[in-house]
There are 2 protein chains.
Amino acid sequence: MRLVIARCTVDYAGRLAAHLPAATRLIMVKADGSVSVHSDGKAYKPLNWMNVPCDLRTSPGEWVVTNPKGETLTITIEEVHLDIEHEMGQEPGLQKDGVEAHLQELLAARPEAVADGLKLVRREYPTDIGPVDLLCRDANGGAVAIEIKRRGEIDGVEQLARYLERLDLDGRLRPVRGIFVAQQIKPQAQVLAMARGIKCVEVDYDQLRGEDTGRLTLF
Amino acid sequence: MRLVIARCTVDYAGRLAAHLPAATRLIMVKADGSVSVHSDGKAYKPLNWMNVPCDLRTSPGEWVVTNPKGETLTITIEEVHLDIEHEMGQEPGLQKDGVEAHLQELLAARPEAVADGLKLVRREYPTDIGPVDLLCRDANGGAVAIEIKRRGEIDGVEQLARYLERLDLDGRLRPVRGIFVAQQIKPQAQVLAMARGIKCVEVDYDQLRGEDTGRLTLF
DNA sequence: ACGTTGAGATTGCCG
DNA sequence: CGGCAATGTCAACGT
């Protein structure tokens with residue numbers, strides 16, 4: 001990784017046009033070739049950047065980064081305050097726990113946590129516009145489509161409504177009920193769900209994980 | 001700005017839980033107090049971070065960053081390879097050109113670029129579920145609602161459809177036609193728009209800006 | 001390669 | 001402060 005602190009101006013031309021007047025900034029060049037320009041605020045996003053794949057050509061006063069899409073990032077360097085290079089070695093990678101996929105796993109194992117009597121038919125049940133998170137049958141044998149989100153917002157309700165439209169075309173499933181499940185569901189999403197005839201259920205991830213005694217592995 | 005290169009492990013506990021095994025990484029502490037941990041890849045996003053507002057407490061082998069929401073970022077430092085501090089001074093800020101707001105300005109000034117005979121009634125015409133980008137009248141006096149996106153996707157069509165539903169409740173406007181305008185409209189969005197009776201129009205930003213001879217200021 | 005979806009999305013705006 | 005929409009969203013995954 002190369003770190004340069006320099007007084008510079010920056011111009012980006014690509015999906016939009018952007019310009020940075022002269023000031024002192026950090027320029028970071030990573031081993032993968034990506035370049036980013038940071039100010040001393042606006043954490044954590046750089047002011048300008050170019051992602052891999054890209055090509056960096058440096059001359060004394062000007063760095064030009066181009067990518068195959070024809071976008072360019074031009075850094076005009078007026079004065080260099082620091083210029084160091086450091087080997088970072090291998091990155092073992094980030095381990096995560098608690099994302100939507102885990103919530104889906106837990107609910108697939110215990111659909112009765114959403115509503116009494118539910119039995120799982122299939123996870124990621126396919127429709128021609130994408131897969132429904134869970135397809136279940138209720139105690140009466142009725143089909144139930146479940147969309148799971150970490151946070152329930154209006155888009156998620158629309159998404160489930162589209163799936164329901166499609167599933168209802170299948171005579172073996174019709175009529176299909178919809179349940180929108182999330183750790184937290186925003187009021188607007190609840191209102192829209194109500195209007196679409198979709199039930200809302202809020203679940204607690206930590207509680208679910210606790211009840212799922214089979215897999216208590218957190219790292 | 002403080003830059004530290006060190007062999008470290010990192011743990012984040014908050015909206016999810018995440019862990020980074022020991023490796024050499026860059027730790028960036030900005031003047032606003034934000035902290036980010038970068039590897040030598042994965043441009044340009046840090047592996048872990050904590051945004052302002054947050055509080056950083058450093059002891060020789062362990063840095064703990066907390067925020068008011070109760071999230072914590074713990075950096076355990078095994079070996080320091082570099083530790084520098086540098087004053088960056090004032091950041092003048094980023095100037096952008098070519099975002100959706102500009103496209104809306106240009107089309108508000110020349111609605112006939114969308115369809116012949118259109119006259120603007122109002123930009124950001126309010127409905128009870130949010131403002132429509134442009135409300136126009138066509139040559140026959142019929143109301144036309146226009147939703148503008150930089151890139152036209154399925155969500156934008158749904159959004160316009162919701163607005164049309166609302167506008168059609170207003171006797172002074174009914175019936176309201178919908179036009180979905182973007183620089184590029186994805187095929188799926190076109191199909192959905194067709195099904196909803198919404199017309200699609202693709203426009204060219206550079207051409208629009210060129211024809212708008214009044215404001216040729218690009219920086 | 002393309003499309004879809006999730007993300008600790010972030011960020012800015014407006015109520 | 002909360003809801004909403006844009007973002008050069010990015011990045012992962014499935015077809």
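Hydrogens, waters and symmetry mates are skipped; everything else that's a heavy atom, side chains included, is used. Note on naming: letters A, B, ... go to the chains in the order of the sequence lines (proteins, then strands), and numbering restarts at 1 for each one.
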Can you tell me the distance, in whole Å, between the [atom1] atom of [X] and the [atom2] atom of [N]?
| X | N | atom1 | atom2 | result |
| --- | --- | --- | --- | --- |
| A/E71 | D/dG8 | CD | C1' | 6 Å |
| A/D133 | C/dT5 | CG | P | 10 Å |
| A/L47 | D/dT7 | CG | C1' | 15 Å |
| B/R151 | C/dC2 | CZ | P | 14 Å |
| A/Q183 | C/dA7 | CD | P | 10 Å |
| B/K69 | C/dT10 | NZ | C1' | 11 Å |

How would you label the contact of B/E124 with the nucleic acid (heavy atoms, under 4.0 Å): base, sugar-phosphate, or nothing?
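B/E124: no heavy atom of the nucleic acid under 4.0 Å.
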In terms of side-chain heavy atoms of B/V99, which of C/dG8, D/dT7, C/dT5 is nearest?
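Closest nucleotide to the B/V99 side chain: D/dT7.
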Among C/dG6, C/dG8, D/dG8, which is the nearest nucleotide to the side chain of B/N48?
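In terms of side-chain proximity for B/N48, the closest of C/dG6, C/dG8, D/dG8 is C/dG8.
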Please list, in numerical order, the residues of residues 154-166 of chain A that have a heavy atom closer than 4.0 Å to any atom of DNA chain D.
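Going residue by residue through residues 154-166 of chain A, none turns out to have a heavy atom under 4.0 Å of DNA chain D.
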Presence of B/K96 side-chain N/O under 4.0 Å of D/dG8 phosphate oxygens OP1/OP2
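Answer yes for this pair, as a side-chain N or O of B/K96 is under 4.0 Å from OP1 or OP2.
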Partner of A/W63 by side-chain contact (heavy atoms from CB on, under 4.5 Å), out of A/T74, A/L73, A/V4, A/T76
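It is A/V4; the other options fail the test.
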Taking NZ, NE, NH1 and NH2 as the nitrogens, is one of them in A/R172 or A/D170 under 4.0 Å from a carboxylate oxygen of the other?
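Yes, this pair counts.
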Can we say A/R166 and A/D168 salt-bridge, meaning some charged N sits less than 4.0 Å from an Asp/Glu carboxylate O?
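Salt bridge: no.
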Write down the distance separating the C1' atoms in C/dA7 and D/dT7, rounded off to the nearest Å.
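Going atom to atom, C1' in each nucleotide, I get 14 Å.
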When the P atoms of C/dT11 and D/dA11 are compared, how many Å lie between them, rounded to an integer?
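Roughly 15 Å separates the two P atoms.
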Do B/M88 and A/L26 have side chains that get closer than 4.5 Å, going by heavy atoms?
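SC-SC contact between B/M88 and A/L26 confirmed.
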Quick one: sort the A/H38 and B/H38 rings into parallel, tilted or perpendicular, breaks at 30° and 60°.
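Rings of A/H38 and B/H38: perpendicular, as their planes differ by over 60°.
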Each nucleotide in nucleotides 10-15 of chain D should get exactly one letter: B, S or -. Can you fill that in based on protein heavy atoms under 4.0 Å?
SSS---
Along DNA chain D (nearest heavy atom to each residue), the more 5'-positioned of B/A101 and A/K186
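Of the two residues, A/K186 wins.
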